[in-house]
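These notes are about the structure you will find just below.
Both backbone and side-chain heavy atoms feed into the values below; hydrogens, waters and symmetry mates do not. Numbers here are sequence positions counted from 1. What you see is a predicted model; the values in this text were computed from it and never measured.
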Amino acid sequence: MIESLLVANRGEIARRIIRTAKRLGIRAIAVYSEADADLPFVAEADEAVLIGPPNPAQSYRNAEAILAAAKSTGAQAIHPGYGFLSENAEFARTVESSGLIWVGPDADAITAMGDKINARNLMAAAGVPVAPGTTDPAADLDAAVMAAAGIGYPVMVKAAAGGGGMGMGVAVDEAALRTEYDKVRAFAERMFGDGSVLIERYFPRVRHVEVQILGLADGRVVALGERECSVQRRNQKLVEESPSPAVSPELRSRLLAAAVRAGEAVSYRNAGTVECLLDPETNEFFFLEMNTRLQVEHPVTEYVYGVDLVEEQLRVASGLAPTFDPDALAPSGHAIELRINAEDPKRFLPGPGVVRTWVEPTGEGVRVDSGYTEGNTVTPFYDSLLAKLIISGATRDEVLERAKAAVAAFQIEGPKNNVPFFAELLTNEEFLSGAYDTGIVSRMR
């Protein structure tokens, strides 16, 4: 097993990785920016290194500073968490060429799945269902108009190099397409350094379902069930649950088999997620993208499948067998995750500030993965995620009741936060029924 691990991230995910590392007797090393010096993850690490100012480009995205920290502390491996450099193929290559262990998929898999058009084409060749769309970037507006005419409106205009729900727009007709194409292309060039755009069929009522895969050290790829991710604002997730209330055993079998094929197509190793769109009327699903890293919502899978996914990542990176029997994976119980963000609960606009009060809920089936505590300052430099409230139980109904009590008990004062939104959601009949889709938040607003 790896003996020393540098966590190239911050906040709740750094804290969560450090927790498993220390449980396994692995020396945990944190890196932090000047803005994060007082956060819990820094204090909980065995060693912590200041790597730069608050600007992520000068700290958490500064590959040279992170590698220098690894060298100075004698780290054996680097875990990137999610975001920042986690899906940066060049960083992964540099880590390994420096003689360090990269806790994630290899650079070739990251590259293959990082471009959405290339990923779509790879998946289609592997027999994974893909939605109707372009097989090459739309070179210009005229090409986009021609492609949309062949696909049929409405269409999704999407940055080929995008991710995290960013760089997407919906066009219901040619006039809208002309506006959205220019908007998405400009955004993609600014944010991702790549203005390539693809056009796909847009489904007005659709569910977002993803499958957790793990590429094992022996070369096998296994699937650890699905997660429902349809409660979203601005195409970004707010709630995840497992199993999905929309997925029957027969559909689950098809979903998981397709996800395994997706992983096998790129000889995938370590943790990854195959994201799909599910048509609730026909039970057809289509490949959306693959996230070549650990997901924010991984804890719901951990409860339902009885595994510690960070431990499994470390075991794969160390060349060890998993702690579970790959041939006996089966879901048990139910789990829901609520993303507690520093944002206005109505319009979801960021609301940084000093945390004056922080009281976490407790009780059976309640877990809180938090990045902050009382006295910390939530700055505008990073993602608005404050904590993840994860609720587990034997049935979905039991989990929903526990979630209501936990949300009522979660006290945060200082930064604006979306806890009141979850109190509203947990009384919403559409959500409670399980028959919701990606439009649920807009219908609530």
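Electrostatic pairing of Arg261 and Glu264 does not count as a salt bridge here, judged by no charged N lying under 4.0 Å from a carboxylate O. Ionic pairing of Glu401 and Lys404 is present here: one or more N-O contacts between side-chain nitrogen and carboxylate oxygen are shorter than 4.0 angstrom. Comment: Asp36 engages Arg10 in a salt bridge, judged by a side-chain N to carboxylate O separation of less than 4.0 angstrom. Ion pair Arg120/Glu289 not flagged as a salt bridge, since none of the NZ, NE, NH1 or NH2 atoms sits closer than 4.0 Å to an Asp/Glu carboxylate oxygen. With respect to the salt-bridge test (charged N to carboxylate O, under 4.0 angstrom), the residues Asp308 and Arg23 qualify.
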Considering only distance and modelled atom types, tabulate donor-acceptor pairs under 3.5 Å from the side chains of residues 270-278, sequence neighbours left out.
from: Asn270; atom 1: OD1; to: Gln313; atom 2: NE2; distance (Å): 3.0
from: Asn270; atom 1: ND2; to: Gln313; atom 2: O; distance (Å): 3.1
from: Thr273; atom 1: OG1; to: Arg227; atom 2: NH2; distance (Å): 3.1
from: Glu275; atom 1: OE1; to: His208; atom 2: NE2; distance (Å): 2.4
from: Glu275; atom 1: OE2; to: Lys237; atom 2: NZ; distance (Å): 3.2
from: Glu275; atom 1: OE2; to: Asn291; atom 2: ND2; distance (Å): 2.2
from: Glu275; atom 1: OE2; to: Gln295; atom 2: NE2; distance (Å): 3.1

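The closest side-chain heavy-atom distance from Glu228 to Ser242 is not below 4.5 Å. Contact check for Phe422 versus Phe410: no side-chain heavy atoms found under the 4.5 Å cut-off. Looking only at side-chain heavy atoms (C-beta outward), Asn9 and Ile17 stay at 4.5 Å or farther from each other.
Annotation: cation-pi geometry not satisfied between Arg356 and Tyr372 (NZ/CZ under 6.0 angstrom from ring centroid, within 45° of ring axis).
Note that OG1 of Thr292 is 12.0 Å distant from CG of Asp108, once rounded to the nearest 0.5 Å. The CG atom of Asp182 lies 15.0 Å from the CZ atom of Phe187; values are rounded to the nearest 0.5 Å. Atoms CZ and OH, from Arg16 and Tyr82 in turn, are 11.0 Å apart once rounded to the nearest 0.5 Å. The distance from atom CG of Leu100 to atom CD1 of Ile66, rounded to the nearest 0.5 Å, is 12.0 Å.
Side-chain N or O atoms of Lys22 include one that pairs as donor or acceptor with a backbone N or O of Glu44 at under 3.5 Å.
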Q: Starting from the C-alpha separation in whole Å, work towards a yes-or-no answer on salt bridge (Lys or Arg N to Asp or Glu O under 4.0 Å) for Glu226 and Arg252.
A: CA-CA 8 Å; Glu226 84 285 350; Arg252 178 172 299 114; 2.8 Å; yes
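Side-chain rings of Tyr382 and Tyr60 approach one another, their centers coming within less than 6.0 Å.
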